[in-house]
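Hydrogens, waters and symmetry mates play no part in the numbers below; they use all other heavy atoms, side chains included.
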Protein chains: 2
Amino acid sequence: MPRAGLDPAAVVAAGAALADEVGVAQLTMGSLAERLGVRTPSLYKHVGGQEDLTRRIAVLALGEAADAVGRAVQGYAGRDALGAAARAFRDFVLAHPGRYAATVGMESTGPDDPLAAAGERLLGAFMAVLRGYDLPDSETVHALRMLRSLFHGFATLQSASGFRWSADIDESFAWLVAFADRGLRAASRAADGPPPPGQP
Amino acid sequence: MPRAGLDPAAVVAAGAALADEVGVAQLTMGSLAERLGVRTPSLYKHVGGQEDLTRRIAVLALGEAADAVGRAVQGYAGRDALGAAARAFRDFVLAHPGRYAATVGMESTGPDDPLAAAGERLLGAFMAVLRGYDLPDSETVHALRMLRSLFHGFATLQSASGFRWSADIDESFAWLVAFADRGLRAASRAADGPPPPGQP
DNA sequence: GCTAAAAGCTAACGCCATTAACCAGAGCTG
DNA sequence: CAGCTCTGGTTAATGGCGTTAGCTTTTAGC
């Protein structure tokens with residue numbers, strides 16, 4: 001009975017890959033064990049159970065997304081940084097729909113939860129983008145939430161085939177990024193001069 | 001053996017209510033049957049199974065959301081309509097997290113799928129909002145997708161307690177709506193004059 | 001080499017979704 | 001009013017999945 005040589009990281013990585021292939025809802029302990037050439041109960045030597053497994057997959061996904069966005073942003077600022085970050089994030093979600101889906105609805109249990117740290121890193125990558133638009137400090141958190149909502153929403157909807165109409169999705173995404181860029185530049189200008197009027 | 005007097009609509013309504021209480025992932029046929037004072041297999045006389053049940057819950061949720069947004073928008077235009085629609089949508093998702101969660105990742109099987117019709121109605125409600133900003137026709141679909149991504153993303157993230165920091169979430173939402181409004185007004189102005197320059 | 005922890009296995013349990021087969025009651029029909 | 005039938009309920013059974021318990025074998029450290 002040769003050993004398979006598994007460890008938690010290998011199990012989580014295989015689980016994430018399988019989730020990308022079949023969807024996180026169809027990720028079953030049995031199928032993952034089969035993929036790893038092992039019997040189902042053996043997995044419990046490495047992860048606490050299904051809940052723990054998807055949690056670790058979510059941590060992995062957030063970390064990878066943070067890396068991808070952070071890497072894409074390097075050397076760019078302003079609109080270019082925003083575009084690069086947006087593209088990197090969306091590409092990641094589309095390339096890894098299962099592991100990203102594992103992150104939605106995942107709540108961090110405490111301040112020392114690795115999930116919280118991974119989330120912070122991803123937020124930090126977007127924060128770096130915002131630094132290129134010199135927003136008032138009071139608005140940074142709002143802008144961050146806006147970007148997160150926008151990109152998370154778009155990626156989630158596209159990943160779920162939520163856009164029925166056949167209009168070009170890449171074109172919509174580019175429009176959306178340009179929209180966010182214009183808005184952020186306007187908001188940064190508002191820090192210098194008077195804010196844009198409420199009624200044109 | 002007195003009859004419970006169930007019908008598909010009653011089962012779906014009870015399922016949606018239960019999903020709101022315990023989350024769509026914990027919505028089990030057994031718990032729903034117990035809630036209805038009936039044995040589990042009896043549910044199969046009214047719905048085709050769990051897949052069919054959550055599908056019907058999603059249709060119900062989309063229809064209710066469309067009603068709520070459509071009602072909120074009545075009599076308003078422009079920024080007021082956008083704010084009313086945004087508020088109505090978010091309130092709905094937060095009040096009914098379970099049934100809304102049933103809609104994500106739900107793909108309509110064909111053109112005569114009731115799910116498609118319900119989705120169209122919700123989109124139509126947001127389309128009415130966009131009519132207040134006279135965008136070029138070519139941009140309407142992009143703007144629609146932007147609004148959908150933005151609101152879906154925000155509501156989903158908040159519903160999942162995804163915003164860790166304590167900064168006021170209502171304030172962020174108001175900022176986000178104002179941001180979208182400014183951007184849409186700029187886009188409508190772009191239809192008249194030249195578009196805003198790429199580099200300031 | 002010996003020992004002990006780690007990593008695998010089989011067996012068993014319980015929950016859940018689903019199906020089959022059966023039964024009672026309500027309403028229509030004669 | 002008697003009876004038939006359709007409907008909405010029932011119990012029983014099946015199969016899949018997650019999980020736990022207990023055993024065994026390999027590996028690593030002394």
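- Between B:Phe154 and B:Phe173, the distance from one ring center to the other falls under 6.0 angstrom.
- D:dC17 atom P lies 13 Å from atom CG of A:Leu32, rounded to whole Å.
- Judged by distance alone, the side chain of B:Thr156 and the main-chain N or O of B:His152 form a donor-acceptor pair under 3.5 Å.
- When rounded to the nearest whole Å, the span between CD of A:Glu34 and C1' of D:dG18 equals 16 Å.
- Within 6.0 Å of the CZ atom in B:Arg87, the count of heavy atoms belonging to other residues, nucleotides or ligands does not exceed 12.
- Counting to the nearest Å, the P atom of C:dT10 and the CZ atom of A:Arg39 are 5 Å from each other.
- OP1 or OP2 of C:dC9 lies within a sub-4.0 Å distance of a side-chain N or O belonging to A:Ser42.
- In this structure, B:Thr28 reaches the C:dA17 phosphate: one of its side-chain N or O atoms is under 4.0 Å from OP1 or OP2.
- Atom OH of A:Tyr44 is separated from atom C1' of C:dA6 by 19 Å (rounded to the nearest Å).
- Of the residues near DNA chain D, A:Lys45 and B:Asp7, the one whose nearest nucleotide (by heavy atom distance) lies more toward the 5' end is B:Asp7.
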Stepwise side-chain hydrogen bond (donor to acceptor under 3.5 Å, both in side chains) test for A:Tyr133 and A:Asp181: CA-CA 9 Å; A:Tyr133 306 86; A:Asp181 171 67; 2.6 Å; yes
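- Listed nucleotides: C:dT18, D:dT19, D:dT11. Nearest to the side chain of B:Gln50: C:dT18.
- To the nearest angstrom, C1' of C:dC9 lies 13 Å from CG of A:Leu43.
- Taking only side-chain nitrogens and oxygens, B:His46 never comes nearer than 4.0 Å to OP1 or OP2 of D:dT7.
- In this structure, CG of A:Leu6 is placed 13 Å from P of D:dT27, rounded to the nearest angstrom.
- Atom CG in A:Leu27 sits roughly 18 Å away from atom P in D:dG16 (whole-Å rounding).
- One interatomic measurement links the two molecules: CE of B:Met29 to P of D:dG15, which rounds to 20 Å at whole-angstrom precision.
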